[in-house]
Amino acid sequence: MSLKVATWNINSVRLRAGLVGRFLQDHAPDVLCLQETKCPDDSFPLAAFRKLGYDHIAVHGQKGYHGVAIVSRLPFEARDARRFCDKDDARHIAVTLTKDAGAAAGITLHNFYVPAGGDIPDPALNVKFAHKLQFLDEMIEWGQRDRPAAGRSILVGDLNVAPLEHDVWSHRQLLDVVSHTPVETTKLGVVQESASWVDAMRALRPEPEKLFTWWSYRAQDWEKSDRGRRLDHVWLSRELEGSLASMDIVRGARSWERPSDHVPVTVTLAL
DNA sequence: ATGGTTGTCATACAA
């Protein structure tokens, strides 16, 4: 069987439930991980996704900010959502596919929304940047202590860091811009190494090809200027590396009506 | 060097 996993920062799931439905119909992922749902759990648009065959939905939201969810047509068991930085922010949710999920049974998915970090890349001047660095430090501790990639597992999400030179439109011009500063890109590399995660997108489309998943709302013409960044990621545990079959950045979604500033990324495994 | 947009919630704040 194949397992198609998608990740998408939706920037309000209620406002864009229609776009999510379109994506589910057009791209038919088995599991979709959403970030920035900005939606309390009791107002998540469950019915819109269930009627498309996505009966299994895990939500971890809050009013107005952050929020993550997993929408699946395969059955799963919910795992504990982790707390980071002594805050109750909804920035992580995890599930394990159950035995009814066929060859995908037992795969654990971790869905993350890492803090954006504000504008000033100095933790002494900007508490939001300090929070982002602390969050990455705690992801490193988690990787080292809990070995989340010891078996068959997948980590996806909006990690709000574009780690490689060709993950941004201009490496030189973004070196002091939050999301591509050396302190962040180095830390994200340590997060990845802490549990031996494999970067699925770059395994299939290595540098120097430029890969972007986010384009600012502020550009006059996002497509023409193409000043993007790769903020969204799909990582695989070593056990799944050999099953990696294909990857797609759904760039066209950035032109849908009232789009998110992020586009979906899909990764397909042949199991 | 500056401002450019969007979503939420209530008029600033986060991204």
Side-chain angles (χ1 to χ4, degrees), chain A residues 7-23 33-45 48 59-69 84-92 111-123 125-136 156-163 167-170 172-181 183-185 187-188 212-233 251-265:
Chain A
T7 181
W8 194 7
N9 177 319
I10 195 60
N11 187 18
S12 173
V13 70
R14 281 177 290 182
L15 187 65
R16 290 188 235 284
L19 296 189
V20 175
R22 177 175 172 183
F23 170 72
C33 296
L34 295 167
Q35 306 87 33
E36 275 208 274
T37 53
K38 295 185 174 178
C39 175
D41 291 348
D42 58 11
S43 26
F44 193 92
V59 293
H60 182 205
Q62 63 186 89
K63 186 178 177 179
Y65 301 99
H66 323 314
V68 286
F84 288 85
C85 308
D86 282 323
K87 293 175 186 283
D88 288 317
D89 291 359
R91 295 184 179 277
H92 171 260
N111 178 14
F112 275 94
Y113 174 52
V114 172
D119 291 329
I120 302 164
D122 181 341
L125 300 176
N126 172 8
V127 293
K128 288 185 286 220
F129 194 70
H131 175 216
K132 183 179 196 174
L133 298 182
Q134 177 68 30
F135 194 99
L136 292 169
V156 306
D158 176 6
L159 305 185
N160 265 315
V161 180
D167 290 339
V168 293
W169 63 275
S170 168
R172 191 178 54 81
Q173 287 179 259
L174 272 77
L175 274 172
D176 60 353
V177 173
V178 171
S179 73
H180 194 61
T181 64
V183 63
E184 294 166 83
T185 58
K187 259 190 213 302
L188 193 72
F212 306 147
T213 65
W214 171 90
W215 293 261
S216 172
Y217 283 126
R218 297 178 190 177
Q220 268 189 359
D221 183 337
W222 75 272
E223 197 158 28
K224 187 176 167 203
S225 58
D226 198 21
R227 294 185 167 191
R229 305 178 201 170
R230 185 172 72 114
L231 302 178
D232 303 278
H233 299 269
R251 187 181 164 101
R254 188 62 179 75
S255 294
W256 291 354
E257 192 171 345
R258 286 259 251 170
S260 169
D261 44 357
H262 296 250
V263 298
V265 178

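Quick caveat: nothing in here was measured; it's all calculated off a predicted structure. Per chain, numbering begins at 1; letters A, B, ... match sequence-line order.
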Quick one: is [X] getting a side-chain N or O under 4.0 Å of the [N] phosphate, OP1 or OP2?
| X | N | result |
| --- | --- | --- |
| A:Ser216 | B:dA15 | no |
| A:Arg218 | B:dA15 | no |
| A:Arg16 | B:dG7 | yes |

Round to a whole Å and report the spacing from [atom1] of [X] to [atom2] of [N].
| X | N | atom1 | atom2 | answer |
| --- | --- | --- | --- | --- |
| A:Lys63 | B:dA14 | NZ | C1' | 16 Å |
| A:Glu36 | B:dC9 | CD | P | 13 Å |
| A:Asn9 | B:dA14 | CG | P | 17 Å |
| A:Phe129 | B:dA14 | CZ | C1' | 16 Å |
| A:Glu257 | B:dT6 | CD | P | 13 Å |
| A:Gln62 | B:dG7 | CD | C1' | 14 Å |
| A:Lys128 | B:dA14 | NZ | P | 4 Å |

Select base, sugar-phosphate, or nothing to describe what [X] touches, counting heavy atoms under 4.0 Å on all strands.
| X | value |
| --- | --- |
| A:Gln220 | nothing |
| A:Arg227 | nothing |
| A:His262 | nothing |

**Item:** Selected nucleotide, minimal atom distance to A:Tyr217 side chain, candidates B:dT5, B:dC9, B:dA15
**Value:** B:dT5
**Item:** Aromatic plane relationship, A:Phe112 with A:His92 - under 30° parallel, 30 to 60° tilted, over 60° perpendicular
**Value:** tilted
**Heavy-atom pair with the smallest gap, counting every atom of A:Lys132 and A:Ala116** = NZ-O, 3.0 Å
**First encountered from the 5' end of DNA chain B, between A:Tyr65 and A:Ala219** = A:Ala219
